[in-house]
Amino acid sequence: MTEKSSLTAQVRDAYDKSADQYDSAGQLVFHPLGKMVADRLELAPGERVLDLGCGRGACLFPIAAQVGPEGFVLGIDQAPGMVEACGADLAARGLADRAQVRLGDIQSFTVDQPFDAISAGMVLFLLPAPQQALAAAAAALRSGGRLVATTFPTENGRLAAGWESAEILAEVLSAHLPEGVDDPWRLVLGLGGPLVSEESTAAAVLAAGFSDVEIQHVPARSRFESIDDYLAWTWTVTPRMQWELVPPERRTEATDAARTALRSLAGSDGSLEFSCPTRTIRALR
């Protein structure tokens with residue numbers, strides 16, 4: 001197995017395990033960002049939209065609401081658990097007539113007919129080959145179609161200022177890793193490669209076949225009632241991959257250390273404000 005395929009499998013397995021609880025512990029974080037993606041697509045009733053890395057539908061559901069009963073949304077995700085859970089949510093909400101989900105690798109996919117718009121919410125940075133995903137997205141869009149994606153800004157190979165809680169957690173977990181595993185951020189691939197800066201991100205989108213690239217920064221924030229709520233949430237999203245690098249027998253110790261380290265960010269009532277500055281990308285085909 002190549003390093004890229006190994007990393008892809010780790011991402012898939014982590015999100016598959018998280019599907020039932022994804023972004024559900026404490027305050028929801030990605031749903032407001034998904035609504036922002038839908039709004040930035042400037043959708044019209046009846047349009048066809050492709051949602052890459054659909055997860056539990058943070059982008060998909062607001063998109064389905066905006067395209068209406070005459071529109072259509074197709075979500076693609078590589079984690080079977082996410083696809084199953086999102087499909088069940090669609091059926092429960094009575095949206096199966098206008099939205100579907102399917103299992104697939106967004107770095108390599110084809111569609112039967114072009115779409116009017118494509119969303120990719122908080123997923124490109126998890127891909128070993130985001131350029132391939134962008135090229136596949138361009139091929140799946142009609143001429144004049146729109147792409148809106150979200151990722152995160154970085155500085156010097158780390159998350160940009162504002163992600164203090166994530167950096168503290170990564171530092172704590174680094175001290176509890178087995179010998180030979182020394183960088184829990186290696187699984188967050190957007191910290192290197194083509195998405196590392198605003199300039200390189202724009203260049204990657206242009207190279208994939210898009211034009212009129214616009215990049216903005218959104219100072220998104222959320223709030224957890226307690227540090228324990230925040231730590232529970234980290235097991236349901238990307239940091240789960242970092243937690244799983246810690247040997248099971250050391251996880252209680254790591255959790256206690258993380259709880260102590262995060263107290264510097266907690267309010268007087270014990271709550272924790274989670275800052276997640278976000279980079280939004282909008283482009284035309």
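Being a predicted model, the structure only gives us computed values, none of them experimental. The figures here come from the full heavy-atom set of this structure, side chains too, leaving out hydrogens, waters and symmetry mates.
- Using a 3.5 Å distance cut-off with no hydrogens or angles, the side chains of Asp228 and Ser226 do not pair a donor with an acceptor.
- Using cut-offs of 30° and 60° for the angle between ring planes, the Tyr230 and Phe224 rings count as perpendicular.
- Judged by the 6.0 Å and 45° rule, Arg223 forms no cation-pi pair with Phe274.
- Between the CD1 atom of Ile63 and the NZ atom of Lys35 there is a distance of 11.0 Å, given to the nearest 0.5 Å.
- Shown are Asp89, Thr236, Asp77; of these, the side-chain hydrogen bond (donor to acceptor under 3.5 Å, both in side chains) with Arg56 is made only by Asp89.
- Looking at Glu47, its side chain does come within 3.5 Å of a backbone N or O of Ala44 through a donor-acceptor pair.
- The side-chain contact (heavy atoms from CB on, under 4.5 Å) test with Met122 is passed by exactly one of Val237, Val37, Thr278: Thr278.
- Pairs engaging residues 81-120 under the ring pair (Phe, Tyr, Trp, His ring centres under 6.0 Å) rule: none recorded [sequence neighbours left out].
- Side-chain atoms of Thr201 and Arg279 form a donor-acceptor pair, as typed in the model, at a separation below 3.5 Å.
- Under the 30°/60° scheme for interplanar angles, the aromatic rings of Phe125 and Phe152 are found to be tilted.
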side-chain contact (heavy atoms from CB on, under 4.5 Å) assessment of Ile281 paired with Val205: CA-CA 9 Å; Ile281 306 154; Val205 176; 4.0 Å; yes
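- With hydrogens and angles left out, the side-chain atoms of Thr255 and Thr252 include no donor and acceptor closer than 3.5 Å.
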